[in-house]
Amino acid sequence: MSDQYTFQNPVTRFPEISPPKQDQPEPGLDRDLTPQSDRGEESYRGTGRLEGRKALITGADSGIGAAVAIAFAREGADVALSYLPEEEADADEIVGLIEGCGRKAVKLPGDIKDGEFCRDLVTRAVEGLGGLDILVNNAGKQIAVERLEDLDDEQLDHTFKTNIYSFFRITREALKHLPAGSSIINTTSIQAYNPSPTLLDYASTKAAINNFTKGLAQQLAPRGIRVNAVAPGPFWTPLQVSDGQPKEALPEFGKSTPLGRAGQPTELAPAYVFLASPESSYVLGETLNVNGGNPTP
Ligand code: NAD
Ligand code: MG
């Protein structure tokens with residue numbers, strides 16, 4: 001079996017996919033995704049880059065967060081997983097993989113739109129892990145809406161609470177615990193600077209995340225805490241089939257990138273590992289784009 005270090009052509013690294021039209025209620029499940037995505041279950045090989053570290057990852061049950069959780073565990077970290085109660089089945093699978101490599105997994109279901117839960121989440125992660133030195137703010141909500149007139153206040157409120165309020169709230173709470181040397185990594189998106197006409201609320205929150213990352217990085221630098229972001233392009237995850245994209249767009253998903261295909265979640269994991277690890281000690285306030293070659297500012 002090849003791993004992420006095997007010399008290979010990035011165009012053909014994964015089997016080509018043309019996802020059939022499909023629809024899942026929000027939040028979607030990896031379990032029901034067609035075709036299944038690659039989160040590195042079989043292929044990600046750790047080399048001890050996060051030995052003994054303690055990470056809290058939001059949205060760790062599926063997609064990008066799940067791939068990061070698997071990678072962190074294989075690199076030697078214990079992981080606390082935040083996800084919604086409806087996602088228990090997906091979370092259990094990732095917990096099994098984390099425990100399978102001898103690391104600790106702490107399950108923390110709950111709704112991060114709720115400010116009180118955000119506080120509770122961090123407290124329980126710290127208790128469960130015996131400390132905290134990596135925070136990955138990764139959970140997100142993306143619902144495509146064709147016309148601004150049809151974007152109601154409830155969606156607006158939920159998108160902003162999930163995608164940006166929670167980043168402020170969880171990070172603020174985590175700062176009570178993060179020692180010097182810690183790393184905070186925020187999942188943003190190419191949507192931050194290249195917004196789709198159907199994702200106005202979502203794309204606005206991603207632009208806010210980029211800005212939050214650059215400001216906070218400066219604020220926390222003197223304390224020895226580094227803040228960075230990862231900006232994915234199109235990745236094949238349950239977000240896309242739970243109204244994240246117009247359904248008719250799914251078969252062509254990701255094909256307009258220079259690489260000609262959607263990304264698989266495991267291809268993002270090394271970016272998070274790099275930013276979490278002390279090897280990136282002079283990298284702060286950076287947005288690492290992992291998007292198949294689309295130009296970025
Ligand atoms: P995903 O559906 O697998 O992950 C999103 C996760 O967010 C869910 O698993 C869920 O646990 C969590 N979440 C959503 N609302 C929540 C709430 N109220 N409370 C607690 N948890 C909640 O999809 P993904 O694509 O892996 O998304 C992960 C991140 O990547 C998101 O921030 C998304 O915006 C970002 N992103 C994804 C893509 C892509 O193409 N898939 C591109 C750019 C950015
Ligand atoms: Mg999920």
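Read the numbers this way: they start at 1 and go in the same order the structure lists the ligands and their atoms.
For ligand 1, none of its N or O atoms has an N or O atom of Q142 under 3.5 Å away. Considering both main-chain and side-chain atoms, Y83 never comes within under 3.5 Å of ligand 1 through any nitrogen or oxygen pair. Annotation: F253 places no N or O atom under 3.5 Å from an N or O atom of ligand 1; distance criterion only. Here's the thing with G140: one of its N/O atoms is less than 3.5 angstrom from an N/O atom of ligand 1. Here's the thing with S62: one of its N/O atoms is less than 3.5 angstrom from an N/O atom of ligand 1. For ligand 1, one of its N or O atoms has an N or O atom of E87 under 3.5 Å away. Distances between N or O atoms of S82 and those of ligand 1 include no value under 3.5 Å.
Residue contact check: G63 has heavy atoms under 4.0 Å from atoms 3 (O), 26 (O) of ligand 1. If you number the atoms of ligand 1 from 1 as listed, the ones under 4.0 Å from a heavy atom of D61 come out as 8 (C), 9 (O), 10 (C), 11 (O). The L84 neighbourhood of ligand 1 comprises atoms 11 (O), 15 (N), 16 (C), 17 (C), 18 (N), 19 (N), 20 (C), 21 (N), 22 (C), with distances under 4.0 Å to a heavy atom of that residue. Counting the atoms of ligand 1 from 1 in the order shown, those under 4.0 Å from a heavy atom of G110 are 19 (N), 20 (C).
Using a cutoff of 4.0 Å between basic side-chain nitrogens and carboxylate oxygens, E279 and R49 are scored as salt-bridged. Salt bridge K141/E26: present, at least one basic N to carboxylate O contact under 4.0 Å. Taking a cutoff of 4.0 Å between a charged side-chain nitrogen and a carboxylate oxygen, K104 and D78 do not qualify as a salt bridge. Salt-bridge annotation for K107 and D92: present, with a side-chain N of the basic residue lying under 4.0 Å from a carboxylate O of the acidic one.
Of the listed options N138, V68, T237, N138 places a heavy atom closest to atom 31 (C) of ligand 1. Among G59, G233, P234, S189, the residue whose heavy atom sits closest to atom 42 (C) of ligand 1 is G233.
Under the 4.0 angstrom criterion for non-hydrogen atoms, A67 is not in contact with ligand 1. Between K206 and ligand 1 there is a heavy-atom distance shorter than 4.0 Å. Contact annotation: P238 has at least one heavy atom less than 4.0 Å from an atom of ligand 1.
In terms of protein heavy atoms, atom 2 (O) of ligand 1 is closest to L239 N, 3.5 Å. In this structure, the protein non-hydrogen atom closest to atom 19 (N) of ligand 1 is I112 N, 2.9 Å. Counting only heavy atoms of the protein, atom 44 (C) of ligand 1 lies nearest to T188 O, 3.2 Å. Here the protein heavy atom with the shortest distance to atom 15 (N) of ligand 1 is T162 CG2, 3.5 Å. For atom 39 (C) of ligand 1, the nearest protein heavy atom (residue, atom name, distance) is Q240 NE2, 3.0 Å. In this structure, the protein non-hydrogen atom closest to atom 18 (N) of ligand 1 is D111 OD1, 2.8 Å. Of the protein's heavy atoms, T187 CG2, 3.5 Å lies nearest to atom 35 (C) of ligand 1. With respect to atom 26 (O) of ligand 1, the closest heavy atom belonging to the protein is I64 N, 2.8 Å.
Only one option out of L268, N291, T266 pairs with F235 in a side chain to side chain contact (heavy atoms under 4.5 Å, CB included); it is L268. For the side chain to side chain contact (heavy atoms under 4.5 Å, CB included) with R45, the lone residue among R74, Q4, E75 that qualifies is Q4. Of the residues I57, D61, I98, the one that meets the side chain to side chain contact (heavy atoms under 4.5 Å, CB included) test with L81 is I98.
Of all heavy-atom pairs spanning S277 and R53, the tightest one is CA-NH1, 4.2 Å. Between L121 and S82 the shortest heavy-atom distance is CD1-CB, 3.7 Å. Nearest heavy-atom pair, E87 versus S62, reported as atom, atom and distance to 0.1 Å: OE2-OG, 4.3 Å.
At distances below 3.5 Å, not a single donor-acceptor pair connects side-chain atoms of W236 with backbone N or O atoms of G63. Remark: side-chain polar atoms of T257 are paired, donor with acceptor, to backbone N or O of G260 under 3.5 angstrom. R39 places no side-chain N or O within 3.5 Å of a backbone atom of G65 that could act as its donor or acceptor partner. A donor-acceptor pair is defined here as one N or O able to donate and one able to accept, closer than 3.5 Å; no such pair exists between the side chain of T159 and the backbone of D201.
Only the side chain of Y202 comes within contact range of ligand 1, with a heavy atom under 4.0 Å; no backbone atom does.
Residues S196 and Y202 have side chains that never bring a donor and an acceptor to within less than 3.5 angstrom of each other. Side-chain N/O atoms of S18 and K255 include a donor and acceptor closer than 3.5 Å.
Not one N/O/S atom of Y83, from backbone or side chain, sits under 2.8 Å from the Mg ion (ligand 2). When distances to the Mg ion (ligand 2) are checked against a cut-off of 2.8 Å, E87 contributes an N, O or S atom below that limit.
Checked against the Mg ion (ligand 2), the N, O or S atom of D61 at the shortest distance is OD2.
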